[in-house]
Amino acid sequence: MVKVRFAPSPTGFLHLGSARTALFNWLHARHTGGQFLLRIEDTDKVRSDKKFLDEILEDLKWLGMDWDEEPIYQSQRFDTYREKAEEVLSKEKAYREGDAIIFKVEKGRNIEFEDIIHGNITTNTDTIKDQVMIKSDGSPTYNFSCVLDDISLEITHVLRGDDHISNTPKQILFYEALGYTPPKFGHMPLILGPDGAKLSKRHGGVSVEEYKREGFLPEALANYLILLGWFPGEDQEILSLEEAVKLFDINDMSDVQAKFDIQKLRWLNGEYIMKEKNEDLLPLLKKQLSATKIDTSKFADEYLTKLIDLYKIRMKTLSEFAGLTECFFQDDFKMDEEGKKKYLDKEENVENIRIFANRLEGLEDFSHEKIEKICRDIAEERSLKAAEIIHPTRLAISGKTKGAGLFEMMELLGKEKVLERMRGIQT
RNA sequence: GCCCCUGUCGUCUAGCCUGGUCUAGGACAUCGCCCUUUCAAGGCGGCAACACGGGUUCAAAUCCCGUCGGGGGCGCCA
């Protein structure tokens with residue numbers, strides 16, 4: 001049975017690259033009916049923090065992953081690591097220096113392994129220094145604890161980032177010394193920033209948490225991440241994790257580094273938002289709204305849901321919603337200055353708004369159909385294009401030159417607000 | 001410096017293994033047109049790539065070699 005693991009180090013938030021690594025491991029496990037395990041690499045006591053661990057686990061779940069069995073913690077296995085190191089020492093394959101135990105690397109050998117993604121990789125041991133197994137403070141080094149844990153967890157496939165390629169021959173040496181057959185290795189290319197350098201903070205968001213906060217849907221983020229380095233086939237790019245599980249084959253993974261393209265992620269996110277049900281969007285959008293100064297407490301879910309209907313095709317991230325819909329929640333919305341110059345500084349436009357408002361006054365059924373009828377009637381009577389009334393009116397009631405269809409906006413806003421704002425413009 | 005990985009449109013990629021079907025396909029971005037009440041969404045279309053140089057071959061994006069470019073590693077960090 002296939003057994004893979006994801007081994008986060010709780011010294012920071014979950015990086016996009018790590019999330020992608022986790023995703024591919026998870027996909028491989030689920031596709032093959034194997035197990036996906038979690039191992040917490042918390043040997044660095046100084047930098048490890050429970051807060052980071054909780055966040056990482058939450059983000060993995062948020063992205064749609066689940067894991068088999070309880071996570072194991074390296075910090076609880078120090079005795080085992082020391083024991084095994086002593087064993088290697090007793091076979092005279094290592095030596096002590098200071099309080100550390102150091103593995104002797106035999107020179108002049110070629111270490112070869114068949115990488116699932118890259119093919120054959122060979123390293124000469126002349127390029128490998130003797131390797132510390134146990135540090136002077138008694139804690140194990142990464143390469144040593146990693147091998148020991150992968151052995152005890154019976155990991156069959158180690159799928160990790162490209163940056164571990166040079167660790168692999170060192171680890172293979174440990175497997176040999178311990179008397180075990182190494183698992184299969186697959187090294188996936190790293191995600192690069194738009195400028196080609198390793199994706200880092202200066203490129204903007206690098207942690208899953210930041211994208212969550214920005215209003216990316218987990219389905220969209222996961223979808224985008226797995227598209228970076230794997231092609232589902234038949235030009236199908238939008239796919240659920242469930243579909244990906246069916247189609248995924250680790251052998252189809254690309255061996256080329258890929259640049260992170262926020263534009264494509266935004267497009268994908270927009271696609272997911274459009275397709276998402278209003279009722280599912282509602283709590284998420286409420287949360288986004290509550291992060292702003294806008295007070296939405298007095299608005300009913302029904303009102304918000306209609307608003308979502310109007311704007312879900314116009315946002316790429318959930319965080320854009322507040323800026324788009326400001327005028328639906330408060331009267332002191334921002335006024336687009338250029339639009340004002342273009343539409344409201346003209347006497348005839350203001351006059352048209354006044355006439356429109358007066359005609360609306362007597363309208364009992366304030367529906368977008370009826371409002372539109374009136375608008376178009378006025379346009380015809382006065383030999384105008386409807387647009388000549390529509391644009392100034394939109395600006396008057398929303399402060400914006402863009403947005404949803406004017407008549408739907410007016411219906412939702414309600415007669416009272418609409419008239420108040422249309423008349424307010426004349427003063 | 002040494003070692004390793006890698007190089008198809010601006011970006012993600014299909015094709016490469018099993019040379020001819022590739023005047024290189026798709027998606028994002030971009031540009032134009034249509035729709036239209038603006039912005040989106042949607043529809044249609046355009047621009048745009050086999051890093052370079054040598055081989056091998058009747059034939060190379062596909063195979064081989066070299067150059068150049070990009071990335072990673074060389075910690076008692078993980």
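Within every chain, numbering begins at 1; the chains are lettered A, B, ... in the order of the sequence lines, protein sequences first and strands thereafter. For the numbers below, each heavy atom of this structure counts, side chains included, while hydrogens, waters and symmetry mates do not.
Aromatic pair A:Phe328/A:Phe333: centroids not less than 6.0 angstrom apart. Separation of the A:Phe144 and A:Phe174 ring centroids falls under the 6.0 Å cut-off.
Taking 4.0 angstrom as the limit, A:Thr43 places a side-chain polar atom (N or O) nearer than this to OP1 or OP2 of B:rA78. The shortest distance between the side-chain N/O atoms of A:Lys316 and the OP1/OP2 oxygens of B:rA41 is below 4.0 Å. Here A:Arg376 reaches the OP1 or OP2 of B:rU37: one of its side-chain N or O atoms lies under 4.0 Å away. OP1 and OP2 of B:rC12 both lie 4.0 Å or more from every side-chain N or O belonging to A:Lys264.
Taking the C1' atom of each, B:rC63 and B:rG19 are spaced 8 Å apart, rounded to whole Å. Of the P atoms belonging to B:rC4 and B:rG46, the separation is 46 Å, rounded to the nearest Å. Comparing the same atom, C1', in B:rA29 and in B:rG10 gives a spacing of 8 Å after rounding to whole Å. Rounded to whole Å, the separation between the C1' atoms of B:rU30 and B:rC77 comes to 43 Å. For the C1' atom pair drawn from B:rU62 and B:rA51, the interatomic distance equals 16 Å after rounding to whole Å. When the P atom is used for both B:rU67 and B:rG26, the distance is 37 Å, rounded to whole Å. Comparing B:rG70 with B:rC31, their C1' atoms are spaced 30 Å from each other, to the whole Å. Going from the P atom of B:rC44 to that of B:rA27 covers 10 Å, rounded to whole Å.
Place A:Ile102 and A:Ser166 on RNA chain B by their nearest nucleotides, and A:Ser166 ends up nearer the 5' end.
Residue contacts shown for A:Gly98 are absent, as no nucleic acid heavy atom lies under 4.0 Å away. Among the atoms of the strands shown, base atoms are found under 4.0 Å from some heavy atom of A:Ala404. Residue contacts for A:Thr401: at a heavy-atom cut-off of 4.0 Å it reaches a base atom on one of the strands shown. Counting any heavy atom pair closer than 4.0 Å across all strands shown, A:Leu406 reaches a base atom. If you check every strand for non-hydrogen atoms under 4.0 Å, A:Thr11 touches nothing. Within 4.0 Å (heavy atoms only), A:Asn167 reaches at least one base atom of the nucleic acid. If you check every strand for non-hydrogen atoms under 4.0 Å, A:Glu237 touches a base. Residue contacts for A:Lys275: at a heavy-atom cut-off of 4.0 Å it reaches no nucleic acid atom on any strand shown.
The side-chain heavy atoms of A:Arg394 and A:Met409, taken from C-beta on, include a pair separated by under 4.5 Å.
The distance from atom OH of A:Tyr224 to atom P of B:rA27 is 17 Å, rounded to the nearest whole Å. Distance NZ (A:Lys135) to C1' (B:rA78): 8 Å, rounded to an integer number of Å. Atom CE in A:Met188 sits roughly 17 Å away from atom P in B:rG72 (whole-Å rounding). Whole-Å rounding puts the A:Phe231 CZ to B:rC16 C1' distance at 15 Å. Atom CG in A:Asp163 sits about 13 Å away from atom C1' in B:rC74, given to the nearest Å. The separation between A:Asp261 atom CG and B:rC12 atom C1' is 7 Å, rounded to whole Å. Put simply, CZ on A:Arg39 is 12 Å from P on B:rA78, counting in whole angstrom units. If you measure from atom CG of A:Asp255 to atom P of B:rC16, you get 14 Å, rounded to the nearest angstrom.
Just one residue in the list A:Tyr272, A:Phe216, A:Phe260, A:Trp267 forms a ring-ring contact (aromatic ring centres under 6.0 Å, His included) with A:Tyr224, and that residue is A:Phe260. Each of A:Phe248, A:Phe6, A:Trp230 was checked for a ring-ring contact (aromatic ring centres under 6.0 Å, His included) with A:Phe24, and the lone residue meeting it is A:Phe248.
Partners of A:Phe407 by ring-ring contact (aromatic ring centres under 6.0 Å, His included), not counting sequence neighbours: none found. With sequence neighbours excluded, the residues that form a ring-ring contact (aromatic ring centres under 6.0 Å, His included) with A:His164 are A:Tyr142.
With respect to the salt-bridge test (charged N to carboxylate O, under 4.0 angstrom), the residues A:Arg47 and A:Asp44 qualify. A salt bridge links A:Glu381 to A:Arg359: at least one charged side-chain nitrogen sits closer than 4.0 Å to a carboxylate oxygen. A salt bridge links A:Glu87 with A:Lys84: at least one charged nitrogen is closer than 4.0 Å to a carboxylate oxygen.
Across all strands shown, B:rC74 is found opposite B:rG1 as a Watson-Crick or G-U wobble partner, with both distances under 3.5 Å. In a base pair of the Watson-Crick type (N1 to N3 plus N6-O4 or O6-N4) or a G-U wobble (N1-O2 and O6-N3), with each distance short of 3.5 Å, B:rC35 is matched with no nucleotide. Remark: B:rG53 base-pairs with B:rC65. Criterion, Watson-Crick or G-U wobble with two distances under 3.5 Å.
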*Given side-chain hydrogen bond (donor to acceptor under 3.5 Å, both in side chains), test A:Ser367 with A:Glu411 step by step and report yes or no.*
CA-CA 5 Å; A:Ser367 66; A:Glu411 178 184 321; 5.2 Å; no
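Smallest separation of non-hydrogen atoms from A:Val208 and A:His15: CG2-O, 4.4 Å.
The list of salt bridge (charged side-chain N to carboxylate O under 4.0 Å, His left out) pairs with a residue in residues 237-253 of chain A, not counting sequence neighbours, reads A:Glu237-A:Lys264.
We find the CD-CG distance between A:Glu219 and A:Leu63 to be 9.5 Å, quoted to the nearest 0.5 Å. From A:Ile378, atom CD1 reaches atom CG of A:Asn358 across 9.0 Å, with rounding to the nearest 0.5 Å.
A donor and an acceptor atom never sit less than 3.5 Å apart when one is taken from the side chain of A:Lys402 and the other from the base of B:rA40. With hydrogens and angles left out, the side chain of A:Ser136 and the base of B:rC76 share a donor-acceptor pair within 3.5 Å.
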_Contact letters for nucleotides 65-71 of chain B, in which S counts primed atoms plus P, OP1 and OP2 and B counts the base, heavy atoms under 4.0 Å_ = -----BS
*For each nucleotide in nucleotides 42-52 of chain B, reading 5' to 3', give B when a protein heavy atom comes within less than 4.0 Å of its base, S when such contact involves only the sugar-phosphate, and - otherwise.*
S----------
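Residues of residues 379-389 of chain A having a heavy atom closer than 4.0 Å to RNA chain B: none are found.
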